[in-house]
Amino acid sequence: MLDIKFVRAYPEKVQEALKKRGYEINFEAFLDLERERLILLRDIEQKRALRNSVSQEIAQLKKEERLEEIEKLRIQMRQLGEDLAFCEEKLREIEEKVQNFMLLLPNIPHESVPLGKDENENVEVRRWGKPREFDFTPLNHWDIGELLGIIDFERASKIAGSRFAVMRGLGARLERALINFMLDHHIKKGYVEIFPPLLVNKASMTGTGQLPKFEEDLFKTLDPEFYLIPTAEVPLTNLHRDEILSEDDLPIYYVSYTPCFRKEAGSHGKDVRGLVRQHQFNKVELVKFVKPEDSYEELERLTEDAEEILQKLGLPYRVVALCTGDLGFGSAKTYDIEVWLPAQGRYREISSCSNFEDFQARRANIRFRRRGKKGTEFVHTLNGSGLAIGRTLVAILENYQQKDGSVIVPEALKPYLPLDVIK
RNA sequence: GGAGAGGUGGCCGAGUGGCUUAAGGCGGCGGUCUUGAAAACCGCUGUAGGGUUACACCCUACCGGGGGUUCAAAUCCCUCCCUCUCCGCCA
């Protein structure tokens, strides 16, 4: 959420910034509501002040047993109370409208974010590794997986449906090896491992920005009502919801392996085959809580931490800075890491690292107090995949495949999967 | 699923209708003392919104959420949520 005082004071600045993201927002109705809200608020507070002082007076008169005077004041105050109740109801309605408007405003992009209208205008920042030259036509990962008997899509669709996979034998072990390899890497870099609940409440989903705008992407349970997490970002960021941290607690680094659940509504026809787009997938996620002045430096380091996984695995990749039009709802700046997939002949997203600045912190009410200073400030939150497990597995199968259909196990993974080849 | 207890400021914890603008403690900040630190002592210290150039001052709200009774609610009533304990069931 944006700072309402800022939006109120500089609506044209906010409008202009959001235009860069492709949002055309009219602030007139909002500004009218805000004006009305403040007038009403002042009126209500004055009435409350009057009631409070008269109540004090009544207490005093009661001691002196001046009953007729009390009765007179009571009648007046009953009248005021009814008036107040009416005004308060009206204020509630206005506040709800204002709140709904604010919750639907996306974050303002950082000044360093390239201008652009969609993913075609993202800017490549750097490349690592050289795509391997094949002396045969590389297979798709789903063909490799089926040939090796390590991924079973057919039975997955029988027991669950489309966009699910069964990992079998060495496929399951490879998945597990990748999880442990990534977790250990990040723990060494100073992240604290968390294993959180995979079902969360509505307040948590609102805190990180999935709700109210993206309800249709989420799986939900009935009775009792819970949401399945679409990413560990949700429980991790909400760990400190409604907390006031001390300056000495920061920065906080968390790493977490969790399954993630997404409806993938609106992606019909995209990536229908293979592991790239699933309703359930595993991911290792990084989340940081930092002081505002450090957040852009922390974004660079978080992105590097994710990149190092690909470097260790010897998988070629590139880093792109998302342009204003492709930026996620709550993000002020995002780097995507894209891994090379030889069968598709292109780079595909495997990680997305974002600085939310105080956007999530304001929604989730995550603050900190500076040593020796009065008052509180919102922390900055960041997160990034480090990495998506399924897509990493795809990249390994495709990049390390051999002519005979077997797949070489990358050196860095051998402590976790003590084999030379998967065959 | 059944029975019971409880949710109060950064933390602990008192408070059952009006001198509560929430006692007291811990923590934090400042000071005295000290070569320095600790201890001791003294003072200050909740969050948010509005009025304001102003974290000076004034007002309002906030004691799990929502609603109600009342001139007045942390306190009484209703309702929902959450936590803990015991029993039952269970990986």
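Sequence lines set the chain letters: A, B, ... in the order given, protein chains first and strands last, and positions in each chain run from 1.
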Q. Between B:rG49 and B:rC41, how far is it from one P atom to the other, in whole Å?
A. 38 Å
Q) Quick one: do the A:Glu175 and A:Asn282 side chains pair a donor with an acceptor below 3.5 Å? A) yes
Q) When rounded to the nearest 0.5 angstrom, what is the spacing between CG in A:Leu413 and CD in A:Glu411? A) 10.0 Å
Q: For atom NZ of A:Lys202, decide whether the heavy atoms of other residues, nucleotides or ligands shown that lie under 6.0 angstrom number more than 12.
A: no
Q | Closest nucleotide among B:rG18, B:rG50, B:rG46 to the A:Arg369 side chain | A | B:rG46
Q: Find the distance A:Arg241:CZ to B:rU47:P and express it as a whole number of Å.
A: 21 Å
Q: Return the nearest nucleotide to the side chain of A:Arg8; candidates are B:rG18, B:rC71, B:rG50.
A: B:rG50
Q) Can the ring centres of A:Phe30 and A:Phe101 be said to be less than 6.0 Å apart? A) yes
Q) Is A:Ile244 touching bases, backbone alone, or none of the nucleic acid, heavy atoms closer than 4.0 Å? A) sugar-phosphate
Q: With heavy atoms under 4.0 Å as the rule, sort A:Arg37 into base, sugar-phosphate or nothing.
A: nothing
Q: Taking atom C1' in both B:rG43 and B:rU75, compute the distance separating them and give it to the nearest angstrom.
A: 33 Å
Q) Within the side chain of A:Gln15, is there an N or O that forms a donor-acceptor pair under 3.5 Å with the backbone of A:Phe27? A) no
**Q.** B:rG50 OP1/OP2 closer than 4.0 Å to side-chain N/O of A:Arg42
**A.** no
Q: Mind checking A:Asn201 for me? I need base, sugar-phosphate or nothing, with any heavy atom below 4.0 Å counting as a touch.
A: nothing
Q: Considering just the side-chain nitrogens and oxygens of A:Asn52, establish if one lies under 4.0 Å of OP1 or OP2 belonging to B:rA61.
A: yes
Q: Could you measure between the two P atoms, the one in B:rG68 and the one in B:rA74, and give it in whole Å?
A: 15 Å
Q: From the options B:rG18, B:rG10, B:rU70, select the nucleotide whose nearest atom is closest to the side chain of A:Arg74.
A: B:rU70
Q | Aromatic ring pairing A:Tyr253/A:Tyr191, orientation class (parallel under 30°, perpendicular over 60°, tilted between) | A | tilted
Q. With respect to the side chain of A:Glu45, which nucleotide from B:rA48, B:rC71, B:rG49 is positioned closest?
A. B:rG49
Q: For RNA chain B, write out the stems as range with range, using runs of 3 or more consecutive Watson-Crick or G-U pairs with both distances under 3.5 Å.
A: B:1-7 with B:81-87, B:10-12 with B:24-26, B:27-32 with B:40-45, B:46-51 with B:57-62, B:64-68 with B:76-80
Q | Side-chain N or O of A:Arg367 closer than 4.0 Å to phosphate OP1/OP2 of B:rU47 | A | no
Q. With sugar-phosphate meaning primed atoms plus P, OP1 and OP2, does A:Lys5 contact a base, only sugar-phosphate, or nothing at under 4.0 Å between heavy atoms?
A. sugar-phosphate
(Q) Give me the distance, rounded to whole Å, that separates B:rC89 from B:rC11 when you measure between the C1' atoms they each carry. (A) 38 Å
(Q) Under a plain distance cut-off of 3.5 Å, with no hydrogens placed, do A:Glu233 and A:Thr237 share a side-chain donor-acceptor pair? (A) no
Q) Expressed as a whole number of Å, how far does the P atom of B:rG27 sit from that of B:rG15? A) 23 Å
(Q) Mind checking if A:Leu38 touches a base, just sugar-phosphate, or nothing, with heavy atoms under 4.0 Å? (A) sugar-phosphate
Q: Would you tell me whether A:Tyr335 and A:Glu300 have side-chain atoms, one donor and one acceptor, within less than 3.5 Å of each other?
A: yes
Q: Send over the distance from A:Arg48 CZ to B:rC58 P, rounded to a whole Å.
A: 20 Å
Q. Just to confirm, is there a sub-4.0 Å distance from OP1 or OP2 of B:rG28 to any side-chain nitrogen or oxygen of A:Ser246?
A. no
Q: Give a yes/no answer on whether the side chain of A:Arg370 brings an N or O atom under 4.0 Å of OP1 or OP2 in B:rG10.
A: no
